[in-house]
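All values derive from a computational prediction rather than experimental measurement. Start at 1 with the first residue, then count along the sequence.
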Amino acid sequence: MDIALIIEWVIKSVFILLFLLTGFAYMTWYERRAVSKIQVRIGPNRVGPFGLLQPIADGVKLMFKEDIIPAQADKIIYTLAPVILVVPVFLAFAVIPIGPSISLFGRMIPLVLADLNVGILYLLALSSLTVYGIVLAGWSSNNKYALLGGMRSSAQMISYELAMGVALASVVLTTASFSLVKIVDFQAQVPLIVLQPLAFLIYCITAIAEVNRAPFDLPEAEQELIAGYHIEYSGLRFALL
């Protein structure tokens, strides 16, 4: 196999991981700042200018916090559940194009890790696997509240995935392709939001519900005294969830 191709894949993979981790951290920072403005609070402002280093401080804090495993928990599944939840998220971004191909060092480098001809099916399959991580996290904790949280979270995710699948089916029918690269190229002529405005609206709603963000943050149970499926988790495992 071409060594240059392997190096290209490695660099792309590292970029995707760094982009996702930093993007998640600073979207959280932005959300905390925005919500604090709505609630007439200050928000994160102590660590770094405007609190910009707060996500890094939170990550370091969680890495060094005591990692507790309940005595009656299923230790193997309890340990694997956060991994089952996180890994498909990273793998899903392998088929999402970032931009057009660029010329670098005499090579044409496509800004996508893998152009699968069934990209949307791959994406839907991986996003469905995260449900298992949530259910197993709740069940393996041997806590009734965690189990109930995992069940209601999985029910929400599965129900919204159905609507998401229908919205994406309209995109596939319009572009006559399952490849995300070809779907993006199709929009060079006319944006799909113009051709499928209802599907766009449905997808936006279901995407927010899939990642459990407000107002679909019931699985996280942040407004309750007892949290959801992650109630028994601490330290780095909690960070992964």
Spacing of CG belonging to D67 relative to CG belonging to L236, to within rounding of 0.5 Å: 7.5 Å
Taking the side chain as every heavy atom from C-beta outward, state whether K12 and P110 have any atom pair closer than 4.5 Å. yes
Between V131 and S154, what is the shortest heavy-atom contact and its length? CG1-CB, 3.5 Å
Ring centres of Y160 and F216 under 6.0 Å apart? yes
Inspect the surroundings of OH in Y122 and state if more than 12 heavy atoms from other residues, nucleotides or ligands are less than 6.0 Å away. yes
Does atom NZ of K75 have more than 12 heavy-atom neighbours from other groups under 6.0 Å away? yes
More than 12 heavy atoms from other groups under 6.0 Å of NZ on K182: no
Hey, is CZ on F186 packed in by over 12 heavy atoms from elsewhere, all under 6.0 Å? yes
With rounding to the nearest 0.5 angstrom, report the CG to OG1 distance, L136 to T79. 12.0 Å
Report yes if the side chains of W9 and L113 come closer than 4.5 Å at any heavy-atom pair, otherwise no. yes
Other residues, nucleotides and ligands only: do more than 12 of their heavy atoms fall within 6.0 Å of CZ on R41? yes
Do the side chains of L168 and L123 get nearer than 4.5 Å, heavy atoms only? no
What's the spacing between K37 NZ and I42 CD1 if we round to 0.5 Å? 8.5 Å
Looking at CE of M157 and CE of M164, how far apart are the two atoms once the value is rounded to the nearest 0.5 Å? 9.0 Å
Under a 3.5 Å threshold, yes or no: a donor from one side chain and an acceptor from the other, between S127 and E210? no
Y26, OH atom: more than 12 neighbouring heavy atoms under 6.0 Å: yes
Test item: Q54 and T28 side chains (from C-beta on) under 4.5 Å apart, heavy atoms: no
For the atom pair CZ (F19) and CD1 (I98), what is the distance rounded to the nearest 0.5 Å? 7.0 Å
Taken to the nearest 0.5 Å, the spacing of Q196 CD from I202 CD1 works out to 9.5 Å
Taking atom CZ of F90 as the centre, does the number of heavy atoms from other residues, nucleotides or ligands within less than 6.0 Å exceed 12? yes
For the residue pair Y78 and Y233, does the interplanar ring angle fall in the parallel (under 30°), tilted (30 to 60°) or perpendicular (over 60°) class? parallel
For the CD1 atom on I76, are there more than 12 heavy atoms of other groups (residues, nucleotides or ligands in this structure) within a distance under 6.0 Å? no
